[in-house]
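Just so you know, these numbers use all the heavy atoms, side chains as well, and skip hydrogens, waters and symmetry mates.
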Amino acid sequence: GVQRLAAILEADPGPDERAWRLREYAAQTDAELLAVNGLAAALYASMDNFPVFTDITMLYFAAVSYAETAHRLGRPQLAPSFLLHDHPALGPDMQRLIARSHTIRTAEESAQFSQDVRRAIEPINVAGLCDPRRRNWYPVDAQDLYENTHKLGATGEEIEGLLERCGFAPEPDLQ
């Protein structure tokens with residue numbers, strides 16, 4: 001949001017254009033706040049259903065890990081909004097899943113919800129989330145990024161450069 005506001009102020013458009021851009025900025029900020037509010041409310045509402053709670057966190061972590069990676073790769077256009085709330089596919093899916101999370105009562109509904117979350121985040125899941133073998137433990141694993149370069153329109157070399165810039169270079173071979 002701060003970057004968007006700075007871009008408006010730096011562009012120094014005329015007063016009418018600036019006013020229009022600031023209204024657009026305000027509308028986008030409001031929409032992002034509503035997305036955060038919906039996610040937080042769903043988390044609180046599902047505290048007594050751990051599988052649903054963890055699935056909702058997967059929505060959050062998938063969105064932020066994708067957005068952070070896209071921005072660090074210099075591709076902010078891939079993630080122009082917080083929590084990707086206006087992403088053409090994930091945004092509507094996330095809204096539906098969050099609304100649905102409030103009505104889940106049975107183990108079968110929870111299991112179906114997990115499958116639907118996994119399917120919804122697949123196009124942006126660059127962190128290996130929803131892998132049952134990990135038992136909700138998600139260490140930082142560069143291999144996850146390398147395996148998902150296509151989701152970011154990146155190459156392995158670009159991922160390697162990103163990891164080096166972020167101080168996540170491979171350990172030197174001490175042999």
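Take E32 and apply the salt bridge (Lys or Arg N to Asp or Glu O under 4.0 Å) test, not counting sequence neighbours, and it matches R4. Residues that satisfy the side chain to side chain contact (heavy atoms under 4.5 Å, CB included) test with L34, not counting sequence neighbours, are absent from this structure. Evaluation of the salt bridge (Lys or Arg N to Asp or Glu O under 4.0 Å) rule for R133 yields D131 as partners, not counting sequence neighbours. Annotation: side chain to side chain contact (heavy atoms under 4.5 Å, CB included) contacts of N125 (sequence neighbours excluded): I121, A127, L129, K151. Taking the salt bridge (Lys or Arg N to Asp or Glu O under 4.0 Å) definition, one finds that R118 meets it with nothing, sequence neighbours left out. The side chain to side chain contact (heavy atoms under 4.5 Å, CB included) test applied to E158 returns L73, R75, A154, T155, not counting sequence neighbours. With sequence neighbours left out, A27 forms a side chain to side chain contact (heavy atoms under 4.5 Å, CB included) with no residue at all.
L90 is not listed as a side-chain neighbour of P123, based on a closest heavy-atom distance of 4.5 Å or more. For the pair N136/F50, a side-chain contact is recorded, criterion being any heavy-atom separation below 4.5 Å from C-beta on. At a threshold of 4.5 Å between non-hydrogen side-chain atoms, the residues N148 and T69 do not count as touching.
The shortest non-hydrogen separation linking L78 to A70 is CB-CB, 3.9 Å. The shortest non-hydrogen separation linking Y138 to G128 is CE2-O, 3.3 Å. Residues P80 and D86 come closest through the heavy atom pair CG-OD1, 4.3 Å. Of all heavy-atom pairs spanning A42 and I56, the tightest one is O-CD1, 3.6 Å. Of all heavy-atom pairs spanning A31 and H85, the tightest one is CB-NE2, 3.3 Å. When all heavy atoms of V52 and S101 are compared, the closest pair comes out as CG1-CB, 4.0 Å.
Atom CD in Q28 sits 15.5 Å away from atom CZ in R23 (nearest 0.5 Å). In this structure, CZ in F113 is found 9.0 Å from OG1 in T103, a value given to the nearest 0.5 Å. The CZ atom of R134 sits 5.5 Å away from atom CG of D141, with the distance rounded to the nearest 0.5 Å. From L43, atom CG reaches atom CG of L59 across 9.0 Å, with rounding to the nearest 0.5 Å.
No path of Ile, Leu, Val, Met, Phe, Trp and Tyr side chains, each step under 4.5 Å between heavy atoms, connects L33 with L39, placing them in separate hydrophobic clusters. Residue M47 is grouped with residue V117 when hydrophobic side chains (ILVMFWY) are merged at heavy-atom distances under 4.5 angstrom, including chains of intermediate members. Grouping the Ile, Leu, Val, Met, Phe, Trp and Tyr side chains by contacts below 4.5 angstrom, directly or via other members, places Y146 with V140.
Listed by first and then second residue, the side chain to side chain donor-acceptor pair (under 3.5 Å) pairs that reach into residues 48-66 are N49-S110, D55-S114, sequence neighbours excluded. Sorted by first then second residue, the side chain to side chain donor-acceptor pair (under 3.5 Å) pairs that include residues 36-47, not counting sequence neighbours, number zero. Applying the salt bridge (Lys or Arg N to Asp or Glu O under 4.0 Å) definition to pairs two or more places apart or across chains, those involving residues 98-117 are R100-D116, D116-R119.
Between the R21 side chain and the A7 main chain, no donor and acceptor come within less than 3.5 Å of each other. Remark: the backbone N or O of A79 is paired with a side-chain donor or acceptor of H71 at under 3.5 angstrom.
Other members of the cluster containing I8 are L5, L9, L22, Y25, with ILVMFWY side chains joined at under 4.5 Å, either directly or via other members. Cluster partners of V2 are absent, since no Ile, Leu, Val, Met, Phe, Trp or Tyr has side-chain heavy atoms less than 4.5 Å from it.
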